[in-house]
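Structure first, then comments.
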Amino acid sequence: MTTEATAKRLIRVGHSPDPDDAFMFYALAKNALDTGELEFTHVLQDIESLNLMAFRGELEVTAVSLHAYAYVHKKYALMNCGASLGHGYGPILVARPGARIEDVLKSRVAIPGRLTTAFLTAQLFNKGKFAYEEHPFDTILDVVREGKADAGLVIHEGQLTFQQEGLVKLVDLGEWWAQETGGLPLPLGVDCVRRDLGEELVRRVTGYLERSIRYALEHRDDALTYAMEFGRGLNRDLSDRFVGMYVNESTLDFGEQGKKGVQELLKRAYDARLIPDPVEVEFVYGI
């Protein structure tokens, strides 16, 4: 006789320990959904670590940078839900007061990882590569403030808190991208599921993620309270603002503009030879 414990199938879910990811996975983390024989367990790592884990195919479901997805698309299918899209905003380049963007891009820029979409977009903005140093994303503001780098590429909640560190914004890459593309959103992080699970399970798992996002949006206060545990000092108002930037209707469904943003970013990256191969993206829908 099969016991309930042995009948469970483990689905490991990788996501960043930041408020927006925590918010969208709230229902799964708190077992608020009936997932049948599937048991979801959460692996919290910074986005660059998750990118590298995806290269090895370690997790059944994981958040990755769209930049990294260009390298793992044969191993993972791209979910139509769970993406973080910047609608006229996104990663920012910050520096100490008095810095000029044309100077800092010729010197040392602290980045949160070579596989991040922020780094890919910054290279497109610069029309080529620039000197960089890799640092954990949550240390970049300190690195720049302390003069250990001339500028920093900031993701996550640092986009809202850089001024508290006495730094200034040189460029918002999401704003630049919208201007360059006639208003397309900038696709940053995406969620994907390993193809070897099989088509039926891939679609089921995608459906559970979509329901988790919808549940969080419908139970916003409770989900936000949970997400604040991952906010590194953000108060409730800033946490709510940050979550609203990256978990919204576009997170439930890319939509036509979101899909165009994905395809355009990957096309431009390949044309600039910043990724090795062209990527034909197929979006997986949940059941």
Side-chain angles (χ1 to χ4, degrees), residues 2 4-18 20-47 49-66 68-85 187-219 223 226-227 230 243 246-255 258-259 262 279-287:
T2 303
E4 182 179 354
T6 57
K8 289 286 186 180
R9 178 160 186 177
L10 186 65
I11 302 294
R12 294 164 297 176
V13 179
H15 61 86
S16 299
D18 61 1
D20 57 328
D21 276 15
F23 184 90
M24 73 174 73
F25 286 106
Y26 168 69
L28 289 174
K30 294 300 184 180
N31 298 312
L33 302 177
D34 180 2
T35 58
E37 83 286 3
L38 301 181
E39 180 179 347
F40 289 82
T41 185
H42 300 262
V43 179
L44 273 61
Q45 296 284 342
D46 68 275
I47 191 62
S49 295
L50 292 173
N51 289 337
L52 295 172
M53 291 170 74
F55 272 63
R56 301 186 292 269
E58 292 185 22
L59 303 175
E60 287 78 15
V61 177
T62 188
V64 296
S65 303
L66 183 63
Y69 187 72
Y71 295 86
V72 302
H73 66 97
K74 293 181 181 178
K75 192 185 303 288
Y76 284 90
L78 184 60
M79 293 174 163
N80 189 53
C81 58
S84 297
L85 304 181
L188 299 164
V190 296
D191 282 320
C192 55
V193 54
R194 218 169 58 209
R195 294 181 185 274
D196 65 5
L197 296 183
E199 181 179 354
E200 191 270 344
L201 187 52
V202 160
R203 295 191 63 199
R204 279 187 63 200
V205 168
T206 302
Y208 285 128
L209 175 56
E210 181 183 341
R211 287 193 281 280
S212 181
I213 299 165
R214 193 176 301 279
Y215 184 96
L217 291 170
E218 292 172 351
H219 299 80
Y226 171 73
F230 304 87
V243 166
Y246 292 115
V247 188
N248 45 53
E249 289 301 312
S250 297
T251 318
L252 284 170
D253 186 313
F254 270 101
K259 291 176 181 177
V262 168
V279 181
E280 292 294 329
V281 179
E282 297 178 9
F283 296 87
V284 173
Y285 290 81
I287 55 174

So, taking the atom named [atom1] in [X] and the one named [atom2] in [Y], what distance separates them when rounded to the nearest 0.5 Å?
X      : Y      : atom1 : atom2 : result
Leu52  : Ile47  : CG    : CD1   : 10.0 Å
Tyr26  : Leu33  : OH    : CG    : 10.5 Å
Glu210 : Ile287 : CD    : CD1   : 11.5 Å
Leu188 : Leu66  : CG    : CG    : 8.5 Å
Leu78  : Phe283 : CG    : CZ    : 5.5 Å

Quick one: does [X]'s side chain get under 4.5 Å of [Y]'s, heavy atoms only?
X      : Y      : answer
Ile213 : Phe23  : no
Leu38  : Leu201 : yes
Lys259 : Val281 : no
Arg56  : Met53  : yes
Thr35  : Ile11  : no

Over all atoms of both residues, closest heavy-atom pair of [X] and [Y]:
X     : Y      : value
Leu59 : Leu50  : CD1-CD2, 4.2 Å
Leu28 : His42  : C-NE2, 3.6 Å
Cys81 : Leu252 : CB-O, 3.4 Å
Gly36 : Lys8   : O-NZ, 2.9 Å
Leu85 : Ser250 : CD1-CB, 3.6 Å
Asp20 : Ser84  : OD2-OG, 3.5 Å

Legend entry - Selection residues 199-208 - residue pairs positive for side chain to side chain donor-acceptor pair (under 3.5 Å), sequence neighbours left out: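 Of all non-adjacent pairs touching residues 199-208, those that pass side chain to side chain donor-acceptor pair (under 3.5 Å) are Glu37-Arg204, Arg204-Tyr208.
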Any side-chain to backbone donor/acceptor pair from [X] onto [Y]? Under 3.5 Å, distance only.
X      : Y      : value
Lys75  : Val193 : no
Arg195 : His73  : yes
Tyr69  : Val190 : no
Asp21  : Ser16  : yes
Glu60  : Arg12  : yes
Thr251 : Tyr246 : yes

Inset, instruction - Look at the rings of His219 and Tyr215 and say which category their plane angle falls in: under 30° parallel, 30 to 60° tilted, over 60° perpendicular. - result: parallel
Inset, instruction - Fit a plane to each ring of Phe25 and His15, take the angle between them on a 0 to 90° scale, and name the class: parallel (under 30°), tilted (30 to 60°) or perpendicular (over 60°). - result: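 Plane angle under 30°, so parallel.
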